[in-house]
Amino acid sequence: MSNSASTLFDKVWDAHVVRKIEDGPDVFLIDRHFIHEVTSPVAFLGLETRGISVLYPERTFATADHNTPTINQHLPVEDPLSANQLKALETNTAKYGISHWGLGDPKNGIVHVVGPENGITLPGMTIVCGDSHTSTHGAFGAIAFGIGTSEVEMVLSSQCIMQPKPKKMRITINGALGKGVTPKDVALFIISQITASGATGYFVEYAGEVFENMSMEGRMTVCNLSIEMGARGGMIAPDQTTFNYLEGRELAPKGEAWENALAYWKTLKTDEGATFDYELTYDASQIEPQITYGTNPGLGTGITQKIPTASAVKDGEASYKKSLNYMGFAENEEIIGKQVDYVFLGSCTNGRIEDFRAFASIVKGRKKADNITAWLVPGSHIVEAQIKEEGILDILTEAGFLLRQPGCSACLAMNDDKIPAGKYAVSTSNRNFEGRQGPGSRTLLASPLVAAAAAVTGVVTDPRELL
Amino acid sequence: MLKAQSQSEMAYDKFQILTSTAIPLPLENVDTDQIIPARFLKATKREGFGDNLFRDWRYNGDDSLKQDFVLNNPTYSGKILVGGRNFGSGSSREHAAWAIYDYGFRCVVSSFFADIFKGNALNIGILPVQVSPEFLDKIFQAIEADPKAELVVDLPAQTISIAATGESESFAINGYKKHNMLNGFDDIDYLQAMKEEIKTFAEKSLY
Ligand code: SF4
C-alpha cells in the first residue's frame, strides 16, 4: 500500500473538515441540505428560541413529501396536523429565503428523488437531510446521510454538523446479474447476508462490475438501502454513467463550470492500494430475486427459498419468533404462493422511472388480480410526467391499475395510505418494521418486478416466470 | 478548545451520576418506528412525545393498555431503559429520542446502538451506554431477580454497575461529548462560537 493511496470516501470527507476536535467529532461542512415538513419545524423553532438565523439559505432545499396526500393534491389537505406541518414548512422557508417545492409545485416529490433529478446532488458533495435514506445521494459519489432534528438546526445555523468519521467498508460484486435480478435484489441480498446491523459504524463503498454496469436509478436504489444494513451511508465512484445523467439537469453546472467540475469529479475514485477497515466480496451469480419475510430488512431471502429456522438466522431467537409471529408465518414455510392483499410501488427506494418501466414490463398484457389493492406512487412529478410520456400509464391503465400522485405515501404511512392491520403488502419501499405501513400491517419488501408479479397473480410469485 | 464554547444556558439537564431502577426490554433490533410510530410525528413542537412512546406495543387499537408490555407493568420503573442489541435502528427521527426523554428516561443501555439514534440521544441529553453482551445479560438477570435492583451510571468515571452485586463495567464516550453531557451543553453553541472560521472555510469551498 502506498501512503498516498486514499479511498473515495476519505477524499470527500477530508475536504470538508473545518476543524478536528481532539477526542471528539469533526466539525464537518455540509454542501447541500434537504429539508421536509416533518423533521424541520422543531429545528426552525430552535433557531427562534436562540435568536439565530440561517447562515446560507441558498444551500438548503425544501420539499413537502412525507405527509402529503397522493390523490386530489389540488384540494386542501384534510388532516389538520399534516396541513399544519406543510404550512410551517412554507412559512419557515419563506421567512429565511429557502427554496421550497411545496405541494402542487411541478418540482415537488420525494426529497431523495427530486434532489438528483434537478441536478442539486453532485459528485464530491456532502449532503444531509433529516431522513435516514439520504444515503441515496451517495450514488453520485457524494457523502450523504440522514441526521436528527438537532443537526438540522446545526446545518441551518452554521452549515456544519459535528460528526465522528465512520470506518470504511467496501462491498465488491463482480459478474453479471441474472434475468429478473434488479438492484433492489442486490441490496436486499447484501442485507440478508450481513444483517440489519452488519454495517453499523461504517460507510460503505460499492465496487465491481455489477455497480459499474448499473444505471443511476439502480445505484440510487442500492445506496438508499445502505442504511438498512446499519451503515451511515453508501457511495459509488462517479463515472461516465453519472456524468451523462447529470449533464443538462437544471441546477447542475453549465459551460465552463461543467468542464471544471468534470475534471474534479474524475479524480473521485478509490486509489489502487487504498485500504478499508472491512471488505466483503460476492459474486453476482449468487443473487436471485429477493423477498423479506420478517420485520427487519435483514430477514429476507431468495424468493424460491423457505423461511429459515431460528437457528439459521443471526437475530436472537426471541426477536425472530416475535417477528414471524407478527407476520403470521412459520419456520420452513415456502414463501412463493403466500397470500398478498396490497402492492405498493413507490418510495425513494423504487419510485423512479426505471422502477415503473420494470413494473410495466410484467403487467403489460395482463390484468391486476382481483384480490389486490395496488398503490402505484411516482417519486416526483417529473417521474409522473415521464410515465405518461413513455406510454407506461396506458399499459398500467389497460391492466387495471391507477396511478397516484407523488409522495412518500405508504412507505411510512403518515398520510392516508395505510395498509390495514393483518393485511399483507408486497412493497418496493425500504422498511418492513412492525406497523411501518400502518398499524398491524405486514410488509414483504421486494423489487418492482416481484411487486408486479404479485399484483397480477395475487400471490407471491417468482417474476422470472412472467418475463 | 472546549473553552471556546460560549454557554448562555443549558440545553438539557446535566448528567453526572444516575442511580436508578431500570425497565428491561430484552428484544433485539428495537427500531425507531416502534419507539414512536410515524403517525405521531405530526407535531411542530418537541413536547409530549412520551405519551406515544412504544405506542403500538403499549396500547391496543382501542387505546386500552396491553397488559403484557413492560411499560404497563407497575413492577418496573426507573430512569434507565435496558434494550437488546441494535437498539434504535431505522429512521433518523429524533422524535424517538425525544419520546424516550419525555417519558422520563435519562439513559439507555444496550450491547449495540444504531448510529443515528446514538447521536440523536447524545444531542438531547440521553446517555447511551454500550456494554458487553455478557454484562447486558447480567443486568437483565439482576432486574429479573429483583425488579427494584438499582443500576449506577457514573459518567465522570465512565462506569455502569449493578448496585446489589457491585459488578461493574466501563463504557466509552468521547471527551467532547462527555464534557457536553456533564455540563448540559450542546453542539449548536459550539458551532455558533466558531462561525467566522466556518464562513472562511465555506466560502472557498467548491459548492
Ligand atoms: S419514501 Fe420513505 S424512506 Fe423515502 S424519504 Fe419518504 S419516508 Fe423516507
Side-chain angles (χ1 to χ4, degrees), chain A residues 18-19 21-25 27 29 31-32 38-39 41-42 45-46 50 52 55-56 67 81-82 84-85 88 122 124-125 130-132 146-151 153-154 157-160 162 164 196-197 200-201 230 232 264 296 315-316 318-319 322 412-414 421 431 433-436 439, chain B residues 1-2 8 11 26-29 31-34 37-39 41-46 55-57 61 84-86 89-95 97-98 112-117 119-120 123-124 174-179 186-192 194-195 197-199 201-202 205-207:
Chain A
V18 181
R19 184 194 277 186
I21 300 175
E22 203 185 313
D23 193 19
V27 177
L29 183 76
D31 292 318
R32 289 293 176 270
V38 175
T39 56
V42 171
L45 208 61
R50 289 175 202 253
I52 52 181
L55 185 58
Y56 295 116
N67 240 335
L81 292 173
S82 299
N84 187 36
Q85 279 193 333
L122 300 174
M125 276 185 169
D131 181 282
S132 55
I147 56 175
T149 297
S150 294
E151 290 166 311
E153 188 179 339
M154 289 177 216
S157 58
S158 68
Q159 205 59 39
C160 285
M162 314 285 268
S197 60
T200 303
R232 203 60 199 274
Y264 169 58
N296 75 60
D315 284 28
S319 309
K322 185 173 190 299
L412 89 165
M414 257 188 102
R431 288 190 173 134
F433 298 149
E434 284 183 30
R436 168 78 177 186
Chain B
M1 103 247 64
L2 292 171
S8 42
L27 283 174
E28 299 186 351
N29 304 314
D31 62 73
T32 49
D33 275 80
Q34 307 318 315
R39 61 189 191 279
L41 307 184
K42 293 185 180 182
T44 50
K45 293 199 169 64
R46 199 176 131 162
R55 178 78 204 191
D56 294 333
W57 285 354
R85 84 183 279 293
N86 199 25
S89 58
S91 149
S92 60
R93 59 187 69 160
E94 195 168 296
H95 312 68
W98 299 340
F112 196 79
F113 288 96
D115 280 338
I116 303 182
F117 175 80
N120 286 344
N123 280 340
I124 68 149
N174 71 53
Y176 167 83
K177 278 293 176 194
K178 179 174 173 178
H179 176 84
D186 75 7
D187 292 342
I188 294 169
D189 297 310
Y190 186 96
L191 291 169
Q192 284 301 306
M194 62 175 287
K195 217 160 174 176
E197 186 182 339
I198 292 172
K199 275 161 107 172
F201 189 98
S205 88
L206 185 62
Y207 299 109

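Fair warning: this is a prediction, and the values are worked out from it, not measured in the lab. In what follows, chains carry the letters A, B, and so on, assigned in the order in which the sequence lines appear, proteins first and then strands, with residues in each chain numbered from 1.
- Per-residue heavy-atom pair counts under 4.5 Å with chain B were compared for A:Cys160, A:Gly130, A:Gly46, and the maximum is reached by A:Cys160.
- For a residue to count as touching a neighbouring chain, one of its non-hydrogen atoms must lie under 4.5 Å from one of that chain's; by this rule A:Arg431 touches chain B with the side chain only.
- By number of non-hydrogen pairs under 4.5 angstrom with chain B, the leading residue of A:Arg436, A:Gln85, A:Glu153 is A:Gln85.
- Ranked by non-hydrogen atom pairs under 4.5 Å with chain B, the options A:Leu45, A:Thr200, A:Leu81 are led by A:Thr200.
- Interface residue A:Asn296: only side-chain heavy atoms are found under 4.5 Å from chain B.
- At least one side-chain heavy atom of B:Trp57 sits less than 4.5 Å from a side-chain heavy atom of A:Glu434.
- In this structure, the portion of B:Ser205 lying under 4.5 Å from any heavy atom of chain A is its side chain and not its backbone.
- When B:Ser92, B:Gly84, B:Ala97 are compared by the number of non-hydrogen pairs under 4.5 Å with chain A, B:Ser92 comes out ahead.
- Between A:Ser158 and B:Met194, every side-chain heavy-atom pair lies at or beyond the 4.5 Å cut-off.
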Apply side chain to side chain contact (heavy atoms under 4.5 Å, CB included) to residues A:Ser150 and B:Ile124 and explain how you reach the verdict.
CA-CA 8 Å; A:Ser150 294; B:Ile124 68 149; 3.8 Å; yes
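- Contact count against chain B (heavy-atom pairs under 4.5 Å) is highest for A:Gly146 among A:Pro164, A:Ala196, A:Ala88, A:Gly146.
- What you find for A:Ser132 and B:Ser91 is that their closest heavy atoms are OG-CA, 3.7 Å.
- Note: B:Gln192 CD to A:Met154 CE = 11.0 Å, rounded to the nearest 0.5 Å.
- Between B:Tyr207 and A:Arg32, the shortest heavy-atom distance links the atoms O-NH1, 3.1 Å.
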Could you go through A:Asp23 and B:Lys178, starting from their C-alpha distance and side-chain angles, then the distance that decides it, and tell me whether this counts as side chain to side chain contact (heavy atoms under 4.5 Å, CB included)?
CA-CA 10 Å; A:Asp23 193 19; B:Lys178 179 174 173 178; over 6 Å; no
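- Looking only at atom types and distance, the side chain of A:Ser82 has a donor-acceptor partner in the side chain of B:Lys42 under 3.5 Å away.
- Of the residues considered (A:Gly230, A:Gly24, A:Ala318), A:Gly24 shows the highest number of contacts with chain B, using heavy-atom pairs under 4.5 Å.
- Within the 4.5 Å cutoff, the side chain of A:Arg50 has heavy atoms near those of the B:Asp189 side chain.
- Side chains of B:Asn174 and A:Pro25 form a contact here, defined as non-hydrogen atoms less than 4.5 Å apart.
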Run B:Lys199 and A:Leu55 through side chain to side chain contact (heavy atoms under 4.5 Å, CB included) and show every step you take.
CA-CA 9 Å; B:Lys199 275 161 107 172; A:Leu55 185 58; 4.2 Å; yes
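- Only the side chain of B:Arg85 comes within contact range of chain A, with at least one heavy atom under 4.5 Å from a heavy atom of that chain.
- Taking chain A as the reference chain and counting heavy-atom pairs below 4.5 Å, the highest number among B:Pro37, B:Ser89, B:Gly90, B:Ala114 is found for B:Gly90.
- Interface summary for chain A: among B:Asn123, B:Leu41, B:Ile188, the most heavy-atom pairs under 4.5 angstrom belong to B:Ile188.
- Side-chain N or O atoms of B:Glu28 include one that pairs as donor or acceptor with a backbone N or O of A:Gly316 at under 3.5 Å.
- The residue among B:Leu206, B:Asp56, B:Leu27, B:Thr44 with the most heavy atom pairs within less than 4.5 Å of chain A is B:Thr44.
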Report the C-alpha distance between A:Arg232 and B:Ile116 in whole Å, list the side-chain angles of each, state the deciding distance to 0.1 Å, and finish with yes or no for side chain to side chain contact (heavy atoms under 4.5 Å, CB included).
CA-CA 8 Å; A:Arg232 203 60 199 274; B:Ile116 303 182; 3.2 Å; yes
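- One finds the CZ atom of B:Arg39 at 11.5 Å from the CG atom of A:Leu412 (value rounded to the nearest 0.5 Å).
- Between A:Ser197 and B:Phe112, the shortest heavy-atom contact is CB-CE2, 3.8 Å.
- Residue A:Val18 touches chain B through both its backbone and its side chain, counting heavy-atom pairs closer than 4.5 Å.
- Contacts between B:Glu197 and chain A at a heavy-atom distance below 4.5 Å involve backbone atoms as well as side-chain atoms.
- Interatomic distance, B:Lys195 NZ to A:Ile52 CD1, rounded to the nearest 0.5 Å: 6.0 Å.
- Side-chain contact check for A:Thr149 versus B:Trp98: some heavy-atom pair is nearer than 4.5 Å.
- Taking the side chain as every heavy atom from C-beta outward, B:His95 and A:Thr39 approach each other to under 4.5 Å.
- Heavy-atom pairs under 4.5 Å with chain A were tallied for B:Asn29, B:Asp33, B:Asn120; the largest tally goes to B:Asp33.
- Residues B:Glu94 and A:Glu151 approach most closely at OE1-N, 4.3 Å, considering heavy atoms.
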